[in-house]
Amino acid sequence: GRAQRFKRGQALFTEGDRGERVFVIEGGRVLVSCVASNGRELVLNICGPGELLGEVSALDGEPRSATATAIDEAHVTVCAVSVLLSAVDDPVAAREVTRMLAARLREADRKRLEFAALDTLGRVAWRVLELIDRFGEPDGDGTAIDMPLSQEQLASWCGASREATVKALTRLRTLGIVTTGRQRIVVGDPAALRRLANGRA
């Protein structure tokens, strides 16, 4: 493949496009989203270094089911679909792709369970915990994340209204679990956040 840099806000690919390339994220973060029938953006995932994007369309030949947008400056290796299809002829590579797809299926199942079992506070706690676990950096006595999402996007990712999501963040601050600044969250009590994310007060 070839190295390519995507600026913040630039799309790697768009929902409905033909799947002619696959993308390996080398640096930065990429937002994966789709548009619902009512026109609302639905956030599906945030992907980071080491993750592969665009492989589903590459494997089944169908149009893109989502849009991938850089939310930081993203450094990506871009390959033709034929590269992935050739690679999966190798048993080791095929097992790795299968393992990755199985992990994503497990994640989708977990999210369905989470949406059924948790209230908005629990879902917001889960999302913040996920961001901290994957992208967090030490910050004094806590762990910080430069928040890559708007409140509307975070609400979409949590499957909740913007108002309910803002109320949940306020509750987390009131409990002393997090502090927030402009596009920044610092978790000072990860154990309490994990309890909320697992449905335990």
Note to self: Using a strict threshold of under 4.0 Å (side-chain N to carboxylate O), is an ion pair present between E62 and R18?
What the structure shows: no

Notebook entry, point to check: Taking C-beta and beyond as the side chain, do T69 and V30 meet within less than 4.5 Å on heavy atoms?
Noted result: no

Check: Does a donor on one side chain and an acceptor on the other come within less than 3.5 Å for R173 and T170?
Finding: yes

Note to self: Do the side chains of R64 and D17 get close enough for a salt bridge, i.e. N-O under 4.0 angstrom?
What the structure shows: no

Next item on the list: Would you please say whether a donor-acceptor pair under 3.5 Å links the side chains of T77 and E26?
Entry: yes

Margin query: The criterion is ring pair (Phe, Tyr, Trp, His ring centres under 6.0 Å); which residues satisfy it with F6, sequence neighbours excluded?
Written below: none

Check: Residues two or more places apart in sequence or in another chain: which of them pass side chain to side chain donor-acceptor pair (under 3.5 Å) with R99?
Finding: E96

Item checked: Residue pair R110, E107: steps toward the salt bridge (charged side-chain N to carboxylate O under 4.0 Å, His left out) verdict -> CA-CA 5 Å; R110 182 191 63 74; E107 175 69 6; 2.5 Å; yes

Checklist line | Residue pair I132 / P190, side-chain heavy-atom distance below 4.5 Å | finding: no

Checklist line | Qualifying ring-ring contact (aromatic ring centres under 6.0 Å, His included) pairs with a residue from residues 119-176, counting only residues at least two apart or across chains | finding: none

Checklist line | Ion pair R134/E130, N-O distance below 4.0 Å | finding: yes

Notebook entry, point to check: Ion pair present between D133 and R194, side-chain N to carboxylate O less than 4.0 angstrom?
Noted result: yes

Margin query: Distance alone, cut at 3.5 Å: any donor-acceptor contact between the side chains of Q10 and R8?
Written below: no

Notebook entry, point to check: Any side-chain heavy atom of L113 sitting closer than 4.5 Å to one from D109?
Noted result: no

